Amino acid sequence: MRYRPLTYNNEFTRAYARGKSYVHPHVVLYVNRNRLGYTRVGITASRKIGNAVTRNRARRVIRAALWQTLPPDVGGYDLVFVARGQTPRLKSTQVAKTAAKLLRAAGVLRD
RNA sequence: CGAGCAAAACAUACGGCGGCGGGGCGUUUUUGCCCUGAGGAAAGUCCGGGCUCCACAAGGGAAUGGUAACUGCUAACGGCAGCCGGGGGUGACCCCAGGGAUAGUGCAACAGAAAUAGACUACCCGUGUGCGCACGGGAAAAGGUGGAAAGGUGCGGUAAGAGCGCACCAGCGCGCUUGGUAACUCGCGCGGCUCUGUAAACCCUACCAGGAGCAACGCCCAUAUGGGAGCAAUGCGUGCCCUGCGCGCUCCCGGAGGCGGCUGGAGCCGCAUGGCGACAUGCGGUCGAGAUAGAUCGUCGUUUAAUACAGAACCCGGCUUACGGUUUGGUCGUUCG
RNA sequence: CGGGGUAUAGCGCAGAUGGUAGCGCGCUGCGUUCGGGACGCAGAGGCCUUGAGUUCAAAUCUCAAUACUCCGA
């Protein structure tokens with residue numbers, strides 16, 4: 001696994017409360033700086049998206065997009081990706097484009 | 001051709017490229033090769049077990065909860081098979097919480113005279129009469145209400161009537177009897193004539209059940225060190241002093257993280273034998289996920305009917321619910337021969 | 001993994017031990033007022049979440065399903 005995961009609920013809650021959010025119809029990104037020196041990523045798909053198969057697919061698509069997009073040495077950030085209603089119907093290449101756009105807007109990726 | 005019924009198997013496969021989880025081997029310090037990788041319901045969590053911990057002499061009873069014809073199958077079951085009884089359908093076939101209402105209690109709105117017991121109209125007798133009727137008694141056949149009104153039809157009988165008596169029929173109980181392991185059933189005789197429904201109302205009878213759940217439980221580290229109460233005290237540190245903050249002891253609540261549990265089992269496949277069947281026995285073959293924020297995907301090609309419902313989280317046996325096309329065998333209807 | 005609750009008029013809620021369902025706010029009409037509000041009178045609006053079953057009869061009892069929600073480990 002190329003990234004480290006966010007696991008605990010309070011870490012997600014801190015990202016939602018203190019981090020900045022970047023909204024797109026495909027996916028929502030929350031960014032919060034941490035002091036660990038490495039980047040942690042959490043992927044969320046709520047029950048509004050659908051049943052277990054649909055939620056698994058939404059997570060899988062986002063993860064595939066991150067493998068294409070996220071370089072391993074960006075610095076210390078906590079990133080939370082939230083799947084939306086269209087996410088399971090998209091291709092991972094489309095999501096990769098949006099993720100790159102959002103990360104660039106957040107200042108995580110620099111050209 | 002249309003409609004409907006039952007059953008069965010499947011739920012893509014193969015190859016190229018890239019990617020992910022697990023295991024093995026090599027190389028050794030970041031890579032290479034090989035093997036393997038979701039379901040018929042994995043779901044809902046409605047039942048039954050295994051396993052683990054807690055409780056408990058054996059055993060009996062009470063409470064609570066559950067099950068309910070009978071015989072079998074099974075580790076067990078509320079499941080399955082066969083069979084009996086009842087019900088639905090023209091039929092193939094399907095459905096049934098299917099013990100007890102003669103142990104007791106409760107309830108039965110409205111309507112109706114009356115709802116488990118009686119008399120409004122009409123009937124009969126007697127008395128009084130102003131001949132319209134009133135009062136007392138008999139009887140429960142006729143009327144209308146209702147889901148339900150106390151067996152049905154006919155004859156006799158009577159003041160009028162009534163199972164009051166008789167014949168036949170329906171139902172119940174008892175005794176004998178045919179078939180069956182049994183539920184039940186074939187037939188005969190006798191009895192009083194007979195009794196509403198509801199137990200998915202309380203209840204009675206028979207049988208079953210100790211409780212909790214893999215976040216169980218065991219081990220490592222006894223640590224990131226959290227919260228509360230009490231005690232001792234104005235002790236120590238900070239500080240000029242007070243307040244404040246930190247430090248002590250005891251008890252209670254709690255406890256991140258890592259490893260095991262973790263998958264070879266009432267396992268699966270084939271054949272034979274026994275059995276109507278569920279299933280059992282024997283022989284042979286075979287190994288088919290184990291993640292820990294959670295792995296099965298993307299793309300291209302070929303072939304197909306291969307789409308729908310849908311994703312393992314300790315493991316099995318069922319039930320229920322969701323859902324795709326295919327095949328087979330019956331049934332009914334229409335038309336043609 | 002284990003356990004519980006709710007679904008009734010546009011909205012918020014009653015209706016416990018079966019007999020054709022109400023309350024408040026809102027809505028409609030009329031009255032009152034010069035007009036509006038408040039007030040008074042009258043009225044409409046419900047397959048009681050869905051599907052089966054028990055019963056003469058089900059919002060109520062039983063089973064299954066759906067949606068929302070809560071609790072414990």
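Worth knowing before you read on, the calculation uses all heavy atoms, side chains too, and leaves out hydrogens, waters and symmetry mates. Model, not experiment: these values are computed from the prediction. Throughout, protein chains are lettered first and strands after them, A, B, ... in sequence-line order, and every chain is numbered starting at 1.
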Any donor-acceptor N/O pair, A:Arg55 side chain to A:Thr44 backbone, under 3.5 Å: no
Nearest-Å distance once atom C1' is located in both B:G138 and B:U177: 49 Å
Residue list, side chain to side chain donor-acceptor pair (under 3.5 Å) with A:Thr54, at least two apart or on another chain: A:Asn51
Identified pairing partner of B:U281, criterion: Watson-Crick or G-U wobble below 3.5 Å: B:A272
Whole-Å P distance, B:G89 and B:U67: 31 Å
Gap in Å between the two P atoms, one belonging to C:C25 and one to C:C71, rounded: 34 Å
Complementary nucleotide for C:U55 - Watson-Crick or wobble, under 3.5 Å: none
Syn or anti for B:A170 (syn when the glycosidic angle lies within 90° of 0): anti
A:Val27 vs A:Leu102, side chain to side chain contact (heavy atoms under 4.5 Å, CB included): CA-CA, chis, key distance, verdict: CA-CA 9 Å; A:Val27 77; A:Leu102 293 176; 3.8 Å; yes
Audit row: A:Val28, A:Tyr22, side chain to side chain contact (heavy atoms under 4.5 Å, CB included) steps and yes/no: CA-CA 6 Å; A:Val28 180; A:Tyr22 300 90; over 6 Å; no
Watson-Crick or G-U wobble partner of B:G136, both distances under 3.5 Å: B:C125
P-based separation of C:G18 from B:G104 [nearest Å]: 23 Å
Pairing partner of B:C217 (Watson-Crick or G-U wobble, both distances under 3.5 Å): B:G260
Identified pairing partner of B:A159, criterion: Watson-Crick or G-U wobble below 3.5 Å: none
Rounded distance in Å between the P positions of B:A278 and B:C83: 13 Å
Where the chi angle of B:G40 falls, syn if within 90° of 0 and anti if not: syn
Touch class at under 4.0 angstrom, heavy-atom based, for A:Arg59 against every strand present: nothing
Glycosidic conformation of B:G132, taking syn as within 90° of 0 and anti otherwise: syn
Conformer about C1'-N of B:G16 - syn within 90° of 0, anti elsewhere: anti
When you compare the protein's N or O atoms with those of nucleotides 309-313 of chain B, which come within less than 3.5 Å of each other, and at what distance?
unit_1 : atom_1 : unit_2  : atom_2 : d
B:G311 : OP2    : A:Ala52 : N      : 3.3
B:G311 : OP2    : A:Val53 : N      : 3.4

Chi class for B:G163: syn within 90° of 0, otherwise anti: syn
Atom pair CD1 (A:Ile43) and CG (A:Leu66), whose distance is rounded to the nearest 0.5 Å: 5.5 Å
Length of the line joining A:Arg55:CZ and B:C297:P, which is rounded to integer Å: 18 Å
C1' atoms of B:A313 and B:G39, separation to the nearest Å: 15 Å
Distance test, side-chain N/O of A:Arg63 to OP1/OP2 of B:A293, below 4.0 Å: no
Euclidean distance for C1', C:U55 against C:C63 (whole angstrom): 16 Å
Nearest-0.5 Å distance that lies between atom CZ in A:Phe81 and atom CD1 in A:Ile62: 7.5 Å
Residue matched to B:U286 through Watson-Crick or wobble contacts both under 3.5 angstrom: B:G267
Partner nucleotide, any strand, of C:G45 [Watson-Crick/G-U, under 3.5 Å]: none
Atom pair CZ (A:Arg63) and CG (A:Asn56), whose distance is rounded to the nearest 0.5 Å: 8.0 Å
Candidate pair A:Gln86 and A:His26, rule side chain to side chain contact (heavy atoms under 4.5 Å, CB included), full reasoning: CA-CA 6 Å; A:Gln86 337 183 326; A:His26 293 172; 3.2 Å; yes
From A:Leu103 atom CG to A:Leu79 atom CG, the distance as rounded to the nearest 0.5 Å: 6.5 Å
Pairing nucleotide - C:G2, Watson-Crick or G-U, each distance under 3.5 Å: C:C71
Euclidean distance for C1', B:G324 against B:C25 (whole angstrom): 44 Å
